[in-house]
Every structure is written in structure tokens, then in C-alpha cells.
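The structure under discussion appears below in the form of C-alpha cells.
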Amino acid sequence: MNTVYLDNAATTRMAPEVLEAMLPFLKEQFGNPSSFHSFGSSQMEAIEKARGQVARLLGAKCEEIFFTSGGTESDNQALRGAVKIDPARKGIVTSAVEHPAVLETAKALQEDGCTLAIAEVNRNGELDLENLRELVNQQTAIVSIMAANNETGVVMPLKEAAEVAHKAGALFHTDAVQMVGKSPIDVHALDIDILSLSAHKLHGPKGVGAIYIRKGIKLPPILTGGHQEKGVRSGTYNAPGIVGLGKAAELALTHLKDTVASEQSLRETFEKRVLASCPGSFIVADNASHRLPGTVTVIFRGIESEAVLTLLDMQGIYASSGSACSTGSKNPSHVLYAMGVDYTLANSALRFSLSRYTTEEEIDRTVELLSKVVERLRRISPYIE
Ligand code: PLP
């Protein structure tokens, strides 16, 4: 059975070129890059090359990139590090639609004595900048606003949010895990102090990521140990993973323009056709001013998203439920809740996320099956206007 993978916001397939680049470091070149001997230390060249590849994708300098185990760790370091810098600044301001890597970390820090303020979003899932301005003050250590939301694809006003943070003397962090490699992002143009990214969202390997820290900012580490990465992130270098991330970043940059164009066009076709062929369906955050090219959440009124997912799965089409979080919890999505979507509708939400490998045929097949599945489920649970 030919499968269709439309869950690229959850994770992506590794690009063949990435695997190729990693293989020598999984086979022959297994030495520890921090070793004195050349067998290990020669790998530093490949690690530095990867640093350059990641830096170029972000418009950053090489010395501003530090390798981590992924988005979750980078988010943790941003928040946990920032509140340690100045004892007079223990405040965290974030948004209601952040990934749990930020929200749960912020809540844990609140339990440890930090203050936490959560900015609202509007019905389109866009950050309420006025509300953000009210929440940020001279005690704020860090403002953390995601670049693009993982469920709705809504892109946040980073430059404006950074300005709010900086006016109050706070650091500005963005969780750009969903944005990097899928849409252009320039850390200096947007005035970002700290940024998190993850390799497995851009056709790289799992368990590796990076944190960008603007030159001059001394962000305390969360992992202490052997002082790798100039002491910013201790731990033996994951050379294969880092090389894979570097290659993935290089490929993402090479293909960025085409990726944006093809994902955008396929998503728009998909949305139009779904709305036309599935009565009672609508697109979440349809009126947002900026959305990622390839991520969309659709609500099929009156139908449980899990029923649709199961029937799609049986035909080899893989999407995800907008109403369940990453751990498979059945709690309705905090993102949709923050946008004012009620519980019942949130349970009817499905996310489809594309990649540069998604084809027109795959979209055709998905829409055709989706309309049949929705029609079948409608017979059991009719939608009444
Ligand atoms: N932040 C966002 C917005 C995400 O979508 C994810 C992954 O789903 C993460 C953080 C966590 O990244 P990682 O899986 O690399 O820990």
C-alpha cells in the first residue's frame, strides 16, 4: 500500500543526503570529538561545518550556535538560563499557545519562585500584542513567543514581540521549531536574542537540535559537565546527529524558496477541495495574517477526529489530531481552547502538515478519501446547519 505522510509537524522523514552525511560518523569515525588524538578531534571540522550550515539558515554567526538534544532542551535552556541571569528579574512572559516544552518549563519555574504571565491570542490564534505589553515589566527576565504554532501554523509577530521585551530590558526568545526550514527566518533582522530549533522537523535526525544565543548574552547552562560547546552545553558531542542537522539545514536553505511555494500551493488546493467536498468543515485560523505554508488544521463539525484518523490510517494516510497533545492525551488542545474553540469542536480537529516531499497525487488521494470518510461518518452523525 502506498502511504501518504501528512504529519510533518510531528516529525519528518530524514532526507537521504542527511543519512549519507551521517553514516561515516556512525561507522568508522566513532572517536570522541573532544579527544586529544586526531582520530577523534578530526571530527571537530565536521561539527564546525555543521555550525556554519545552521548559522546560515538563521542569518546568525557561527559562534552564536550551540548544539543541544533538540527543541525541548533548547527551550528549557532559554527559560531556565534567563531567570538565573539577574536576581532582580525572575519574570517569564509567554503565550497561551506555546508548545509544552515552553509552557510546562515556565510552570515548573513558577513553582520554584519565578513569576509567570501568559499572553492571550485572538480567535485567529495570533498573539495579542496589547496584552503582551501589559504583562512585560522591569522584573521580566524573558519573553518567549513561538515563531509559528505547531497546531494551526499561525506565524507570530516576532519583531513586535521582541521590541516589547527589549523596551523593558528583557530577553526575547522564540521557539522556532516549526518555522526553521519551512519559512525564512533571520535572527538579526527580527532582533531575536535566543532561538530554539530541532533537526527532526526539517528532515534531519531525531534527538539533536540547536540553540542560537545572540553574541554577548551569557546564558547560564542547564547541563554542567565537561564544558563542551564553550561550557554552554556540556555532554559528549553527538557528531552523527550534529552533522545530520547541518546537512538538513543546508538542504532546507537550498530548497527554501521552492518548499514555501510548493507547500503553500498544495495546502491551498487541499483546503479549497476539503471545504468543497466535506460539508460542515472549516479551516482553523483561516483569517490569520500569516500562516506556515504547509500546516493546516481542519474541523469537521459533529465528527470525532479520532474516527477520521483511524479510517485514514487504515488506508495508509497519516495525519494527526489537533485535539490531542503530543503524548496522546485526550485532553482538548490548549491551543484551540485559547483561541475560543469550544470543547466539542476541538474534538473534531485534524491537523495535516506537508513537507517538501509532498506531491499533488498525495493531496488528491487524501482529499478523495477524506470526503468518503467524512460522508460515511456523517451518516452516523449527521451535520445539521
Ligand atoms: N517546540 C515546538 C513548537 C514543537 O513543535 C516541538 C515538537 O513537537 C518541540 C518544541 C519539541 O522539540 P523536540 O521534539 O526536538 O524536543
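Computed from heavy atoms alone, side chains included, the values below leave out hydrogens, waters and symmetry copies.
- Ile217 and Val136 are not part of a single hydrophobic cluster, where members link through side-chain heavy atoms under 4.5 Å apart.
- The hydrophobic cluster containing Leu171 does not contain Val164, counting ILVMFWY residues as joined when their side-chain heavy atoms lie under 4.5 angstrom apart, directly or transitively.
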Between side-chain atoms of residues 358-366 and protein atoms elsewhere (two or more places apart, or another chain), which donor-acceptor pairs fall under 3.5 Å?
{"unit_1": "Thr358", "atom_1": "OG1", "unit_2": "Ser355", "atom_2": "N", "d": "2.8"}
{"unit_1": "Thr358", "atom_1": "OG1", "unit_2": "Ser355", "atom_2": "O", "d": "3.1"}
{"unit_1": "Thr359", "atom_1": "OG1", "unit_2": "Glu362", "atom_2": "N", "d": "3.2"}
{"unit_1": "Glu362", "atom_1": "OE1", "unit_2": "Thr359", "atom_2": "N", "d": "3.0"}
{"unit_1": "Asp364", "atom_1": "OD1", "unit_2": "Arg273", "atom_2": "NH1", "d": "2.7"}
{"unit_1": "Arg365", "atom_1": "NH1", "unit_2": "Asn2", "atom_2": "O", "d": "2.6"}
{"unit_1": "Arg365", "atom_1": "NH2", "unit_2": "Asn2", "atom_2": "O", "d": "3.2"}
{"unit_1": "Arg365", "atom_1": "NH2", "unit_2": "Gln315", "atom_2": "O", "d": "2.7"}
{"unit_1": "Thr366", "atom_1": "OG1", "unit_2": "Glu362", "atom_2": "O", "d": "2.7"}

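- Using modelled atom types, one side-chain atom of Tyr5 and one backbone atom of Asp7 make a donor-acceptor pair closer than 3.5 Å.
- With Lys201 contributing its side chain and Thr12 its backbone, the two residues share no donor-acceptor pair below 3.5 Å.
- Heavy atoms from other residues, nucleotides or ligands lying under 6.0 Å from OH of Tyr337 number 12 at most.
- Remark: side-chain polar atoms of Ser305 are paired, donor with acceptor, to backbone N or O of Asn347 under 3.5 angstrom.
- In terms of modelled atom types and a separation under 3.5 Å, the side chain of Gln43 and the main chain of Gly31 share a donor-acceptor contact.
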Evaluation steps, salt bridge (Lys or Arg N to Asp or Glu O under 4.0 Å), between Arg267 and Glu271: CA-CA 6 Å; Arg267 174 177 59 80; Glu271 290 182 1; 2.8 Å; yes
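- With hydrogens and angles disregarded, a donor-acceptor distance shorter than 3.5 Å links the side chain of Ser35 to the backbone of Asn32.
- Linking ILVMFWY residues whenever their side-chain heavy atoms come closer than 4.5 Å, directly or via other members, leaves Leu79 and Met156 in distinct clusters.
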Pair Phe352-Phe270, ring-ring contact (aromatic ring centres under 6.0 Å, His included): steps then yes or no: CA-CA 10 Å; Phe352 300 88; Phe270 175 77; 4.8 Å; yes
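- Annotation: cation-pi pair Arg13/Tyr357 present, NZ/CZ under 6.0 Å from the ring centroid and within 45° of its normal.
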Steps toward salt bridge (Lys or Arg N to Asp or Glu O under 4.0 Å) verdict (Glu126, Arg291): CA-CA 10 Å; Glu126 296 163 314; Arg291 282 161 62 203; over 6 Å; no
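- Using modelled atom types, one finds no donor on one side chain facing an acceptor on the other under 3.5 Å when comparing Lys90 with Thr115.
- Within 6.0 Å of CD on Glu45 lie no more than 12 heavy atoms contributed by other residues, nucleotides or ligands.
- With respect to Arg80, the side chain to side chain contact (heavy atoms under 4.5 Å, CB included) criterion is satisfied by exactly one of Ile92, Thr105, Leu219: Thr105.
- Without hydrogens or angle criteria, Arg89 side chain to Gln138 main chain gives a donor-acceptor distance under 3.5 Å.
- Checking side-chain atoms of Ser234 against main-chain N and O of His227 turns up a donor-acceptor pair under 3.5 Å.
- The hydrophobic clustering, which links ILVMFWY residues whose side-chain heavy atoms are closer than 4.5 Å, places Ile47 and Met22 apart.
- Taking 4.5 Å as the limit, every side-chain heavy atom of His173 sits out of range of all side-chain heavy atoms of Val143.
- Distance alone, capped at 3.5 Å, is enough to place a donor-acceptor pair between the Asn76 side chain and the Thr72 backbone.
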Salt bridge (Lys or Arg N to Asp or Glu O under 4.0 Å) evaluation trace for Arg214 with Glu64: CA-CA 6 Å; Arg214 188 207 291 265; Glu64 295 175 318; over 6 Å; no
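- Ion pair Arg378/Glu375 not flagged as a salt bridge, since none of the NZ, NE, NH1 or NH2 atoms sits closer than 4.0 Å to an Asp/Glu carboxylate oxygen.
- Between Leu251 and Arg356, some side-chain heavy-atom pair lies under the 4.5 Å cut-off.
- Annotation: Lys49, atom NZ; neighbour count of heavy atoms from other residues, nucleotides and ligands within 6.0 Å does not exceed 12.
- Donor-acceptor pairing under 3.5 Å is lacking for the side chains of Gln77 and Glu73.
- Side-chain atoms of Asp193 come within 3.5 Å of backbone atoms of Phe172 as a donor-acceptor pair (strictly under, hydrogens ignored).
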Stepwise side chain to side chain contact (heavy atoms under 4.5 Å, CB included) test for Thr152 and Val335: CA-CA 8 Å; Thr152 60; Val335 174; 4.1 Å; yes
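- Proximity of a side-chain donor or acceptor of Glu17 to a complementary backbone N or O of Lys247 within less than 3.5 Å is not detected.
- Remark: the Glu151 side chain and the Ser333 side chain contain an N/O donor-acceptor pair separated by less than 3.5 Å.
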Tell me which donor-acceptor pairs under 3.5 Å the side chains of residues 175-186 have, and how far apart each pair is, sequence neighbours excluded?
{"unit_1": "Asp175", "atom_1": "OD1", "unit_2": "Val177", "atom_2": "N", "d": "3.0"}
{"unit_1": "Gln178", "atom_1": "OE1", "unit_2": "Lys182", "atom_2": "NZ", "d": "3.2"}
{"unit_1": "Gln178", "atom_1": "NE2", "unit_2": "Ala9", "atom_2": "O", "d": "2.9"}
{"unit_1": "Asp186", "atom_1": "OD1", "unit_2": "His188", "atom_2": "N", "d": "3.0"}
{"unit_1": "Asp186", "atom_1": "OD1", "unit_2": "Ala189", "atom_2": "N", "d": "2.9"}

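- Under the 4.5 Å side-chain heavy-atom criterion for grouping Ile, Leu, Val, Met, Phe, Trp and Tyr, Val4 is connected to Val374 within one hydrophobic cluster.
- Counting non-hydrogen atoms of neighbouring residues, nucleotides and ligands closer than 6.0 angstrom, the CE atom of Met44 exceeds 12 such neighbours.
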